[in-house]
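These notes are about the structure you will find just below.
Letters A, B, ... mirror the listed sequences (proteins, then strands); counts begin at 1. Please read these numbers as outputs of a predicted model, since none were measured by experiment.
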Amino acid sequence: MDDLLAARWQMAISLGFHILFASAGIAMPLMMCIAEWRWLRTRDETWLALAKNWSRGTAILFAIGAVSGTVLSFELGLLWPEFMRHAGPIIGMPFSLEGFAFFTEAIFLGIYLYGWNLVGPRAHVAAAAIIAVSGAASGLFVVAANGWMNTPAGFRLAAGNAVDVDPVAAMFNPAAMPEAVHMLLAAYAATGFIVAGVHAYVILRGDDAPFHRKALSTALLVGGIAAVLQPVSGDVLARFVAETQPVKLAAMEGQFETRRGAPLRIGGLPDVETRTTPYAIEVPGGLSLLAYGDPNAEVRGLGDVDPELWPNVRVVHLAFQVMVGCGLVLMLVTFWAAWLGWKRRLPGPRAFLRVLLAASPLGFLAIETGWTVTELGRQPWIIQGVMKTADAVTPMPGLIVPMITFIVLYMFLGGIALWLLAHQVAQTRGRGAEERRSCSNPN
Amino acid sequence: MLESELTAGILTVLALNLYVLLGGADYGGGVWDLLASGPRTQRQRDTIAHAIGPIWEANHVWLIVVVVVLFIAFPPAFAAIATALHVPLTLALLGIVLRGSAFTFRTYEFNRDLAQRRWGRMFAIASLITPVLLGVTVGALSSGRIRFLGTYFAAGFFETWLTRYSFLVGLFALALFAFLAAVYLTLEARDDPELQDDFRKRALAAAVATGVMALAVFLAAGEDAPLIRRGLLNRPWSWPLVLATTVSATGAAWALWSRRFQLARVLAAAQVTLILWGWALAQYPYLVAPDFTLANSKAPAVSLRLLALALLAGSLILMPALYYLFRVFKGEQFARRSGPRGA
């Protein structure tokens with residue numbers, strides 16, 4: 001494995017690990033806030049217990065998110081010093097603002113986790129709201145910076161150097177908003193569904209307590225709204241990619257030739273040798289319609305550019321297919337849940353709970369594959385059309401060593417975190433029996 | 001003014017200063033967790049966990065601020081540091097990750113015994129090693145061994161920081177963090193005179209250790225980091241600064257000795273702050289000696305101006321929030337006097 005590949009893997013693993021915890025850090029505070037607010041309104045202690053329970057899980061997830069985010073902020077320089085040397089002053093704005101958003105998150109998380117008896121109930125629920133808002137804001141800022149790598153703006157190149165730097169224009173680069181909205185929705189959908197899945201599991205195991213019913217419906221509300229909005233956001237983003245990164249779009253769709261009336265491919269395995277994508281179900285004119293709103297529009301294929309400038313077409317196409325598939329399943333499950341909710345039958349029949357449980361990790365799978373599309377689809381560029389990834393990498397030799405170290409470290413941390421979370425969940429089991437006892441015996 | 005490289009440099013050191021005073025003390029807490037001993041071992045550890053639990057994540061953000069300010073304001077210097085000091089920075093990152101995760105794992109581990117044996121130990125050891133590595137990095141910046149020809153790194157990946165001087169700076173940083181933590185902990189333990197005295201003794205020992213390390217670093221600098229040595233001795237601000245540092249160090253030790261813990265905290269913070277600014281002034285105008293100065297690695301004026309504005313505007317939100325955080329969790333320490341001479 002050469003050093004460039006090792007550096008790319010280390011970055012990919014660091015990002016792929018961090019995004020799990022960062023997403024939970026964005027969405028969990030919203031759910032805690034809803035639960036605690038419901039407690040304030042109804043004085044039903046179950047809501048308070050739920051907020052407290054979720055907060056313990058959030059504490060674990062947030063801490064790992066914070067330290068793995070620190071790793072990323074260093075790795076930008078440790079692995080890609082040439083990139084940072086040029087990009088730092090241009091794209092620094094969202095990073096500095098993100099710093100303050102993260103500060104706010106960390107401060108109010110401290111107050112939330114340790115301040116149950118130190119601040120008033122209204123201040124406490126307000127702390128959750130502040131964490132939720134600042135968490136979303138820090139997500140927006142960071143993704144805006146990533147947007148700049150896809151649609152660089154706010155500078156002009158003169159003899160290989162950036163001049164006329166405009167950090168504000170760089171921050172509001174064209175991809176910033178569509179990408180950031182897509183990621184935020186993904187965070188709510190993925191977290192909402194995984195939490196709903198956990199509580200569905202406990203209910204399936206026979207503990208049908210109000211605690212788990214409330215948890216399930218709150219998580220489904222947050223995850224479901226996001227899951228329904230997500231395809232709309234994805235459609236906007238795909239049109240945008242068609243316009244700004246036609247090579248990435250062509251790789252996503254496995255479209256090798258430039259043609260009018262390009263089909264939408266479902267599945268398929270792109271073959272770079274033959275420049276075809278066999279085994280796909282093709283919807284005639286579908287891609288042209290989705291990308292340009294006209295079934296006869298011309299879609300640029302990979303063949304338009306030198307294969308040296310192609311990303312790994314097979315992986316990008318497959319990752320895109322998986323992401324879209326996951327998103328669609330979550331949307332369908334949401335419709336089912338909405339119908340059950342409308343009929344006041346949540347948590348619903350066992351069949352629904354089983355499907356929900358099976359679908360619950362798909363949001364995170366979609367996040368991972370979605371980032372694979374974004375990042376791998378941009379290769380060989382680190383800044384689209386401006387700087388190649390190979391030109392940005394550190395001269396440090398032996399990068400396979402830190403890569404393996406971080407793989408081992410993150411596998412270890414991920415395993416421990418899962419184990420502790422599983423134990424937190426296990427402690428909530430038997431709540432049904434407890435509640436029934438306390439009902440029959442008020443003492 | 002806002003777009004001058006000096007402003008950006010001052011902002012960098014300011015952020016580092018806050019990281020050292022707040023985040024540094026959290027590492028120090030881990031050191032005292034490792035060294036907890038005697039009949040009150042468990043109470044010592046509980047006090048430390050109670051003290052840093054609600055605030056360590058916020059304190060940690062100052063480090064990210066330092067990194068962000070560096071790469072926005074001085075991108076070539078940031079790239080140079082990240083290239084040359086890849087190894088110690090990566091090791092420090094491992095320490096940062098293990099420290100934070102282990103602390104949280106210990107808090108939420110259901111098996112109390114295992115919590116301490118496994119996670120408490122890991123938290124404490126990572127707290128001990130990380131400051132040394134951060135100090136090693138800082139030491140290497142002053143050594144003059146990190147050489148670049150343009151953007152080409154013209155030195156080795158180990159020889160710039162695997163030096164006696166760098167490791168002495170690392171141990172000096174460790175001693176300072178441990179000192180700060182012990183002093184702060186005397187106030188955390190204000191309701192328990194025995195425990196307070198445990199931390200007082202530790203603070204005094206750490207005060208001696210910082211003095212010894214300061215001297216060792218100064219002596220080693222003569223050979224390994226002549227730039228720092230010259231900066232410490234031959235500038236107009238040299239002697240006033242050395243004097244002020246000595247006075248606050250002696251004052252902090254005296255205040256500890258006579259159990260004036262509030263005063264000791266102020267003087268200890270002043271001492272550490274003066275040491276940090278003394279280093280920064282001695283290093284001035286170099287960021288990475290001798291190839292990167294504030295002037296030759298500054299970002300375009302517009303980036304510097306926007307950075308200063310963003311930091312200013314951010315502080316307007318941040319400072320009230322931080323004040324609130326510390327008032328909620330540390331308010332009582334400020335409201336009441338401590339020690340026998342109290343009220």
Verify side chain to side chain donor-acceptor pair (under 3.5 Å) between A:Thr394 and B:His86, making sure each step is shown before the conclusion.
CA-CA 9 Å; A:Thr394 176; B:His86 186 112; 4.5 Å; no
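Heavy atoms of B:Val68 lying under 4.5 Å from chain A belong exclusively to its side chain. Heavy-atom distances place both the backbone and the side chain of B:Leu325 under 4.5 Å from chain A. Only the side chain of A:Gln424 comes within contact range of chain B, with heavy atoms under 4.5 Å apart. With a 4.5 Å cut-off on non-hydrogen atoms, B:Phe78 touches chain A through its side chain but not through its backbone. At a 4.5 Å heavy-atom cutoff, the contact between B:Trp62 and chain A is made by backbone and side-chain atoms alike. Only the side chain of A:Pro402 comes within less than 4.5 Å of a heavy atom of chain B; its backbone N, CA, C and O stay farther away. Contact of A:Tyr112 with chain B is not made at all, since no heavy-atom distance falls under 4.5 Å. Heavy-atom distances place the side chain of A:Leu109, and not its backbone, under 4.5 Å from chain B. Both the backbone and the side chain of B:Phe105 come within less than 4.5 Å of a heavy atom in chain A.
Residue B:Tyr324 places its OH atom among more than 12 non-hydrogen atoms of other residues, nucleotides or ligands, all under 6.0 Å distant.
Options A:Leu413, A:Leu76, A:Leu113 differ in how many heavy-atom pairs under 4.5 Å they form with chain B, and the most are formed by A:Leu413. The residue among A:Ile111, A:Leu118, A:Thr104 with the most heavy atom pairs within less than 4.5 Å of chain B is A:Ile111.
Each of B:Thr90, B:Ile64, B:Leu63 was compared with A:Phe74 under the side chain to side chain contact (heavy atoms under 4.5 Å, CB included) criterion, and only B:Leu63 meets it.
Proximity of A:Leu420 to B:Glu109: side-chain heavy atoms (C-beta onward) are separated by under 4.5 Å at one or more points.
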